[in-house]
> 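Okay, here's the structure, questions in a sec.
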Amino acid sequence: MLEREMTVNTKAEKAMIVILMAAILLGGYPIGGFYFVVYGIGITLYRVLIPIIFLYFFGKRIMKGISLEFYGRFYFLFMGFLIFWCAWGTVFWKISDFSEYLVGANDIVGIFMGMLSIFSLYEAAKTKYGFKIMVNTVRILVVAITLIGVVELGIGEHLSTSKFCDGEYVDPIRKAVEGTYPGRLRFYYATGIFYNVNDLCAFLAVFSPLFFPQQGQKRSIKLLFLLELVMMILIISKDDAWFSVMGIIAAGITYLLVTKAKLFTWIGTVASFMVIKYFIVKVFYYIVYGIYLLIPGKEVPYAISLTVGEKISDESFQAVLRAQLASAKLEQGSFYTRWSTYVESVKDFFLDSYGVGFGPASFSNYMLEKNSSALLLNPHCFWIEVMFQYGLIVFVGFVALLLYGFIRLVKKYRETGRVEYALIMAMDMGLVFASFAPSSFLGYEYLWLPIGLTLAFSTITLEKQKGKR
């Protein structure tokens, strides 16, 4: 079994790991206006920093020497597959009738950048304090983004990256309610640094396991982690992102199963989640309502007054699900259009492309040609997105490698009892479900973080947890 390189991190290496995490989580978004186009390819901070970080770690690896023993066969197999994926996509990008030249090129560049990210994550994780630095950096950034979301829910103001600051989206709505809506129209939803509500909620669901309680943690840390989870559930509940709810549930179940939690822990976790999910939105807006009342001369916004006046049961996940299923029976609603899109895209994938795929970034163009109001123009499912655009060979190979990495993590946890393996497995399972939430998931840079950690820790054997037989 391969052991972690027990090298002490230098200050430069620690800084590079922090920058790597920030680039993956934040660098893909035009924060601070950093975004420009070169020959049709979007250049973000992520696409500038990742090659630099890759060269840093690659240079260090060259000096230490590249060996099969250090990386392991699975690593070379996975990286070789990503190279094949880029090459396969490039061929279809050239010949497909549904791949737009620039959009398809951006897709392929994104996968290539993902490969560089995975290499850097692997190298960082193989150092003595790499995982600790990565996780703590991610936690800080996730908390910051969560706090932005909570503020959005309370005041109805958003960052410039949000769709609620996009005139093309907002102006028609404001015109439609002009003269009927009292006061300034505000949108009391959370998008954080993202464009859409589902984008933020999927992000929170994927990284929620990093705040799950662990044995041996100080009580103050557990309370802070619980507060973060409550804020996550608040945002996901208010944004009505039920696939992200399923992502957190799947991650939680995975964590409890892997760590062999006692029955009392199961009961307490399920009961706590149900109570928080059921009451949190109402309690939050009662607090916001009270704060507005305490501010002299400040009128309570109409939307907040309306929310406080609604029945609590209207906010429940069960009520939303029942409404969606009822609409689906009438061939209406978002659940019906999603389901129709999934069925139609899979059927056409086999009947029209014969399992080969339609090419990078081809989904929207293909659905546009069908011209059906019952179908979405975006896949709203990462797994269908990969299969539809890149074919059965890429899809099966990708899923098989992820499953194999997951199984290796299970074995590592059974051998050592180390919580690091359990957290990564929980993130992987959260990703499986949360990736149904956004309209398109392949372009999200943070996608490669759980995958990179899975690849790295499937070859790292940590010291056995004390008390583990």
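Everything numeric here is computed off the predicted structure, so don't read it as measured data. Numbers here simply count residues along the sequence, with the first being 1. Below, all heavy atoms of this structure are taken into account, side chains as well, without hydrogens, waters or symmetry copies.
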> Is the closest basic N to carboxylate O distance between Arg47 and Glu445 below 4.0 Å?
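No salt bridge links Arg47 with Glu445.
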
> With ring centroids as reference points, do Tyr354 and Phe350 lie under 6.0 angstrom apart?
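No: the rings miss the under 6.0 Å criterion.
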
> Using modelled atom types and a 3.5 Å cut-off, is there a donor and acceptor pairing between side-chain atoms of Gln217 and backbone atoms of Gln214?
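Yes: the side chain of Gln217 pairs with the backbone of Gln214.
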
> Give a yes or no on whether the backbone of Ser99 and the side-chain of Ser362 come within a donor-acceptor separation of less than 3.5 Å.
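Checked: no pair found.
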
> Less than 4.5 Å apart, side chain to side chain, heavy atoms only: is that true for Tyr366 and Lys370?
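Contact flag for Tyr366/Lys370 side chains = yes.
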
> What distance do Ile52 atom CD1 and Met16 atom CE have between them, rounded to the nearest 0.5 Å?
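CE of Met16 is found 8.0 Å from CD1 of Ile52.
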
> Taking the side chain as everything from C-beta on, heavy atoms only, tell me whether Ile384 gets closer than 4.5 Å to Phe349.
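No - every pair of side-chain heavy atoms lies 4.5 Å or more apart.
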
> Specify the closest pair of heavy atoms between Pro450 and Met427, including all atoms of both residues, with the distance to one decimal.
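Closest approach of Pro450 to Met427: CB-CB, 4.5 Å.
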
> To the nearest 0.5 Å, what is the distance between OG1 on Thr341 and NE2 on His380?
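Reported value, rounded in 0.5 Å steps: 8.0 Å.
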
> In sequence, state the C-alpha distance, the side-chain angles, and the governing distance for Tyr289 and Tyr286, and then conclude on ring-ring contact (aromatic ring centres under 6.0 Å, His included).
CA-CA 5 Å; Tyr289 186 83; Tyr286 273 126; 7.4 Å; no

> Under 3.5 Å, side chain of Ser340 to main-chain N/O of Thr337, donor-acceptor pair present?
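Absent.
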
> Please check if the distance between the ring centroids of Phe358 and Phe388 is under 6.0 Å.
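Aromatic pair counts; centres sit under 6.0 Å.
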
> For Leu229 versus Ser208, what's the shortest heavy-atom pair and its separation?
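Looking at all heavy atoms of both residues, the closest pair is CD2-O, 3.7 Å.
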
> For the residue pair Arg186 and Gly156, what are the closest heavy atoms and their distance?
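Where Arg186 meets Gly156 most closely, the heavy atoms are CB-O, 4.0 Å.
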
> Can any side-chain N or O of Thr161 pair as donor or acceptor with the backbone N or O of Ile193 at less than 3.5 Å?
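Between the backbone of Ile193 and the side chain of Thr161 there is a qualifying donor-acceptor contact (under 3.5 Å).
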
> Would a distance-only check, ignoring hydrogens and angles, find a side-chain to backbone donor-acceptor pair under 3.5 Å from Trp85 to Ile111?
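No, the answer is negative, given that no donor and acceptor are paired below the 3.5 Å cut-off.
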
> Once rounded to the nearest 0.5 Å, what's the spacing between atom CG of Leu453 and atom CG of Leu409?
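That separation rounds to 9.5 Å.
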
> Side-chain contact test, heavy atoms from C-beta onward, threshold under 4.5 Å: evaluate it for Phe363 versus Glu385 and give yes or no.
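Side-chain contact under 4.5 Å: no.
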
> Check whether Glu123 reaches the backbone of Phe58 with its side chain - one donor and one acceptor, N or O, closer than 3.5 Å.
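No, Glu123 side chain to Phe58 backbone: no donor-acceptor pair under 3.5 Å.
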
> Taking all non-hydrogen atoms of both residues, which atom of Ala251 and which atom of Ala426 are closest, and how far apart?
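Scanning both residues, the minimum pair turns out to be CB-O, 3.3 Å.
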
> When you look at Leu442 and Tyr390, which way does the side chain to side chain contact (heavy atoms under 4.5 Å, CB included) test go after all the steps?
CA-CA 12 Å; Leu442 189 55; Tyr390 293 94; 3.8 Å; yes

> Less than 4.5 Å apart, any side-chain heavy atom of Glu228 and any of Val142?
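Side-chain contact under 4.5 Å: yes.
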
> Testing the 3.5 Å rule here: is there a donor-acceptor pair between the side chains of Tyr404 and Ser458?
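Per modelled atom types, Tyr404 and Ser458 side chains form no pair under 3.5 Å.
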
> Counting only heavy atoms not in Tyr195 (residues, nucleotides, ligands), do more than 12 fall under 6.0 Å from its OH?
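More than 12 heavy atoms, drawn from other residues, nucleotides or ligands, come within 6.0 Å of this atom.
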
> Run Leu377 and Leu368 through side chain to side chain contact (heavy atoms under 4.5 Å, CB included) and show every step you take.
CA-CA 7 Å; Leu377 295 181; Leu368 270 172; 3.9 Å; yes

> Sequence neighbours excluded, which residues qualify as side chain to side chain donor-acceptor pair (under 3.5 Å) partners of Tyr56?
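Checked Tyr56 against side chain to side chain donor-acceptor pair (under 3.5 Å); zero matches.
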
> If you apply the rule side chain to side chain contact (heavy atoms under 4.5 Å, CB included), what do you find for Leu121 with Ile24, and how did you get there?
CA-CA 10 Å; Leu121 288 165; Ile24 292 175; 4.0 Å; yes

> Strictly below 4.0 Å, N to O, side chains only: are Asp352 and Lys347 in salt-bridge contact?
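Salt bridge: no.
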
> I want to check something: taking the side chain as every heavy atom from C-beta on, are Ile155 and Tyr188 in contact at a cut-off of under 4.5 Å?
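They are not in side-chain contact.
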
> Is the backbone N or O of Ser272 less than 3.5 Å from a side-chain atom of Lys277, with the two atoms forming a donor-acceptor pair by type?
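No; judged by distance alone, with no hydrogens or angles, the pair does not exist.
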
> Would you please classify the geometry between the Tyr446 ring and the Phe194 ring as parallel, tilted or perpendicular, with 30° and 60° separating the classes?
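Rings of Phe194 and Tyr446: perpendicular, as their planes differ by over 60°.
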
> What is the ring orientation for Phe81 with Phe78, classed by angle as parallel under 30°, tilted 30 to 60°, or perpendicular over 60°?
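Ring orientation of Phe81 relative to Phe78: perpendicular.
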
> Would you please test Asn378 and Met367 for side chain to side chain contact (heavy atoms under 4.5 Å, CB included) and show each step?
CA-CA 8 Å; Asn378 294 300; Met367 290 301 168; over 6 Å; no

> Is any side-chain heavy atom of Lys163 less than 4.5 Å from a side-chain heavy atom of Phe187?
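The answer is no, as the side chains (C-beta and beyond) never meet within the 4.5 Å cut-off.
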
> Can you sort out the partners of Ser162 under side-chain contact (heavy atoms from CB on, under 4.5 Å), two or more places apart, ordered by chain and number?
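Partners of Ser162 by the side-chain contact (heavy atoms from CB on, under 4.5 Å) criterion, ordered by chain and then number, come out as His158, Phe164, Thr191.
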
> Any donor and acceptor pair, going by atom type alone, linking the side chain of Asp199 with main-chain N or O of Asn196 inside 3.5 Å?
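Pair found, side chain donor or acceptor close to backbone of Asn196.
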
> Take Ser117 and Tyr46, measure what side chain to side chain donor-acceptor pair (under 3.5 Å) needs, and give me the verdict at the end.
CA-CA 10 Å; Ser117 298; Tyr46 167 80; 2.8 Å; yes

> With rounding to the nearest 0.5 Å, note down the distance linking CD1 in Ile276 to CG in Leu234.
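One gets 10.5 Å once the value is rounded to the nearest 0.5 Å.
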
> Are the side chain of Trp383 and the backbone of Phe395 linked by a donor-acceptor contact shorter than 3.5 Å?
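No; zero donor-acceptor contacts below 3.5 Å.
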
> Examine distances only and state if a side-chain atom of Arg139 and a backbone atom of Leu210 form a donor-acceptor pair shorter than 3.5 Å.
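Confirmed, Arg139 side chain pairs with Leu210 backbone.
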
> Evaluate the side chain to side chain donor-acceptor pair (under 3.5 Å) criterion for residues Tyr189 and Asp240: first the C-alpha distance (whole Å), next the side-chain angles of each, then the deciding distance (0.1 Å), finally the verdict.
CA-CA 9 Å; Tyr189 296 94; Asp240 193 21; over 6 Å; no

> Please tell me if the side chains of Phe243 and Arg338 come closer than 4.5 Å, counting only heavy atoms from C-beta onward.
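Counting from C-beta outward, Phe243 and Arg338 do come under 4.5 Å.
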
> Ignoring hydrogens, what is the shortest heavy-atom contact between Ser244 and Ala437? Give both atom names and the distance.
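Between these two residues, the closest heavy atoms are OG-CB, 3.8 Å.
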
> Taking side chain as C-beta onward, heavy atoms only, is Phe211 less than 4.5 Å from Val143?
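Yes - at least one pair of side-chain heavy atoms lies under 4.5 Å apart.
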
> Report the residue from Ile451, Ile118, Leu116 that forms a side-chain contact (heavy atoms from CB on, under 4.5 Å) with Leu82.
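Exactly one pass, corresponding to Ile118.
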
> Is the CH2 atom of Trp266 crowded by more than 12 outside heavy atoms at less than 6.0 Å?
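More than 12 heavy atoms, drawn from other residues, nucleotides or ligands, come within 6.0 Å of this atom.
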
> Could you list the residues that satisfy side-chain contact (heavy atoms from CB on, under 4.5 Å) with Val288, not counting sequence neighbours?
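side-chain contact (heavy atoms from CB on, under 4.5 Å) check on Val288 returns Phe284, Tyr285, Tyr292, Ile304.
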
